[in-house]
Number of protein chains: 2
Amino acid sequence: MAAPTLKDVALRAGVSVRTVSNVVNDYVYVADDTRARVQAAIDELGYRPNLLARNLKLGRTKMLALVVPELDVPYFAELARLIIHEARTAGYTVLIDQTDGDERRERELVTEDARGVNFDGVIASPLSLTEEALEGRRASAPVVLLGERLFAAGVDHVAIDNVRAAREATEYLFSLGRRRIAAIGVQHESTGTAKLRTIGFRGAFAAAGAVVDEDLLVEVGHYHREDGAAAMARLLDLPEPPDAVFCFSDLLALGAQRVALARGLSVPEDLAVIGFDDIEDGRYATPTLTTISPDKAVIARSAVRQLIARIDAADEAAEPAQSVQIEAPYRLVVRESTQGRISTGGS
Amino acid sequence: MAAPTLKDVALRAGVSVRTVSNVVNDYVYVADDTRARVQAAIDELGYRPNLLARNLKLGRTKMLALVVPELDVPYFAELARLIIHEARTAGYTVLIDQTDGDERRERELVTEDARGVNFDGVIASPLSLTEEALEGRRASAPVVLLGERLFAAGVDHVAIDNVRAAREATEYLFSLGRRRIAAIGVQHESTGTAKLRTIGFRGAFAAAGAVVDEDLLVEVGHYHREDGAAAMARLLDLPEPPDAVFCFSDLLALGAQRVALARGLSVPEDLAVIGFDDIEDGRYATPTLTTISPDKAVIARSAVRQLIARIDAADEAAEPAQSVQIEAPYRLVVRESTQGRISTGGS
DNA sequence: GCAGCGCTTTGCAACGATGCACCCTAAGCT
DNA sequence: AGCTTAGGGTGCATCGTTGCAAAGCGCTGC
């Protein structure tokens, strides 16, 4: 009933525990017939090494933690999938933890839990993590953060250039001849993504010699569809509603677009909509969603590789080394929500 | 540098290792001043119990594995989120594993890996797991499967009544006056969900005294948007295209709907569309998507509770007990894709 | 005949925590 | 005084695995 151990296999094969271990670990100096005998015993008993014990002994788990706010936000789900893949090819398993944006949980996971559960490293996409929290971090497993921050705090980051991307998105709307351009997704409390994108948004106005109408900057609590919908409703109730809107996430954009369409507006004729993230939903929405598309594959790959590099470096006990800021590419993907329908053709 | 252990704390507090352990585990008979002294040492050193060691000793990990095909399929992401929550309130951590629908990985995870990584239990939503694989399962951690199966194999299941739900969806389309009703999502190889929904679909035809036009049953490889899009394209190329389509997942429906709209059809006037799963996307799509809405919260809760019940029962070494089939509720949610727009009002 | 080498196998300690049994002290009882 | 009892603390073995060091064996070379 209980799972068989090395001892059980050893007994059955008539060898020592250590020899079974050697077989399991492909140690070179094992006689062929011994190996065969042991292997047979392993197969018969259905032996599988107990990773708990192995990890305890080895001091590493080959497990990475991925800390995200919400799994059912498609951007995180898509990213999670890529990260899991990337980690798997490197021989690591990924444990996902949801924080629901709770600062305490984020902090715990990044600063402490790693030692408890014994992850070899942590990849986190924090919503509200503060600088102090990171600095108070006890030396534990290496951490890579996803998403640019205004501060650096000596932690590795992987992100796109949010300021530039937001600016490009806004400039693109200007280039379409739009003038009353709104932004949905501002967060005054934020030190992260929201702030950077707001800076980029304002930068485009400055470059165009235009003045930002503060009424057109809508703050949201979250980046979900419903927040985008509520924000859009407010914008459309203004005396002078916008003719274009830059949403700081695709979910916001989808919610906003839904409300605009439900009110009988045409997108993009009456209102151009641009999102951020390039989630799959946007490619199948009607109209399809123009968006800033961060290269998620590169983000996932960079994050995993950088983390593993840190893990390996820790073994060699080299000097702490500088923190690394990795910039991932992105591109503007133009679709129907700004450009109108091109063809009515097939699939 | 290295994480502090019980020994380090004991040394610092001037007590035995055992006493520190007692403090950590809230053992009653510890003098207040001793407890305070130990606690101080714990705080100063930043000690956290090593779960690996603890679990090795205790023989359980308080970890559940959740095995899903793809995390970026919203249905699974939404379900995962609920399951994680449910498990957390019960004191369990969930490790998610993606199989990409690979039968081998599914089998490994459900039948073997559990012992390796030492999960206390496994919740799996298998795509291609076969009956034999389950029967060959070595006694290991308890398993709860999500999704009804044609076979039972003595494993606990949680699912809605797929046959009845599919039948209701189809009958609803009949009730709208539609007659050329297509189905997207058939899978001839399948022994699972696809087959059950096909049965329900056919059942509605039988009840209506109608004959199924086999050309209107479209088989798909996966349940993604792109498969729905491709299937729809084929249907629309038929000499007599359908006037309604029942898609076996919301993603299929969204893909199908997209193609219909792109070809200039009106939904629902020219084509009524109904999906399955009630993912959030459908509530914000244009038109919003009518769908069968399984009660995901109940599914998550039932699965976690049933699994934990098994885990606890295993301790008491009672008799194996019968396998349990839990039926979760569902309902038909009517939205614009079958009913047309009701209001063009605000949010 | 023996040192020395390469291959094969092994026993013991250790990773960090908890279960168990035991010891010690002081108080409460007969 | 001698006993029990409750409270408070400890040492040792153990979970399943691997690192380390060494032992046994047969062979070669001198």
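Residue numbers start from 1 in every chain, and the chains themselves are labelled A, B, ... in the order their sequence lines are given, proteins ahead of strands.
Nearest nucleotide to the side chain of Leu58(B), out of dG19(C), dT10(C), dT17(D): dG19(C). Across dT18(D), dG11(D), dG16(C), the shortest atom-to-atom separation from the side chain of Asn50(B) is found for dG16(C). Comparing dG9(D), dC15(D), dG16(D) by their nearest atom to the side chain of Thr34(B) picks out dG9(D).
OP1 or OP2 of dT18(C) lies within a sub-4.0 Å distance of a side-chain N or O belonging to Arg54(B). The shortest distance between the side-chain N/O atoms of Ser16(A) and the OP1/OP2 oxygens of dT10(C) is below 4.0 Å. Contact annotation: Asn55(B) does not reach the phosphate of dA17(C) (side-chain N/O to OP1 or OP2, under 4.0 Å). Distances shorter than 4.0 Å separate none of the side-chain N or O atoms of Asn22(A) from OP1 or OP2 on dT9(C). Thr19(A) has a side-chain polar atom (N or O) that falls below the 4.0 Å cut-off from OP1 or OP2 of dT10(C). Residue Tyr29(A) has no polar side-chain atom (N or O) positioned under 4.0 Å from OP1 or OP2 of dC25(D). Between Ser21(A) and dT17(D) there is no side-chain N or O to OP1 or OP2 distance below 4.0 Å.
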Quiz item: Arg88(A) and Asp97(B): salt bridge (Lys or Arg N to Asp or Glu O under 4.0 Å), yes or no, with the steps?
Solution: CA-CA 11 Å; Arg88(A) 175 133 69 226; Asp97(B) 234 296; 3.5 Å; yes

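Here dA17(C) presents its C1' atom at 9 Å from CG of Asn25(B), a figure rounded to the nearest Å. In this structure, the NZ atom of Lys7(B) is 13 Å from the P atom of dC12(D), given to the nearest Å. In this entry the distance linking CD1 of Ile42(A) with P of dT17(D) reads 10 Å, nearest Å. In this entry the distance linking CZ of Arg18(A) with C1' of dC20(D) reads 9 Å, nearest Å.
Residues that satisfy the side-chain contact (heavy atoms from CB on, under 4.5 Å) test with Ile308(B), not counting sequence neighbours, are Ala90(B), Tyr92(B), Val304(B), Asp312(B).
Applying the 6.0 Å contact sphere to CG of Asp33(A) captures more than 12 heavy atoms from other residues, nucleotides or ligands.
Judged by atom type and distance alone, Lys57(A) reaches the base of dT18(D) through a side-chain donor-acceptor pair under 3.5 Å. Contact of Arg48(A) with dG16(D) (side chain to base): no donor-acceptor pair of N or O atoms is detected under 3.5 Å.
Across every non-hydrogen atom of Ile299(A) and Tyr75(A), the tightest pair is CD1-OH, 4.0 Å.
Defined by atom type and a distance below 3.5 Å, a donor-acceptor pair is missing between the side-chain atoms of Arg54(B) and Asn50(B).
When each of Ala31(A) and Leu56(A) is assigned the nucleotide of DNA chain C bearing its nearest heavy atom, the one mapping closer to the 5' terminus is Ala31(A).
Within 4.0 Å of Val15(B), counting heavy atoms only, lie sugar-phosphate atoms of the nucleic acid but no base atom. Tyr27(B) comes within 4.0 angstrom of nothing in the nucleic acid, heavy atoms only.
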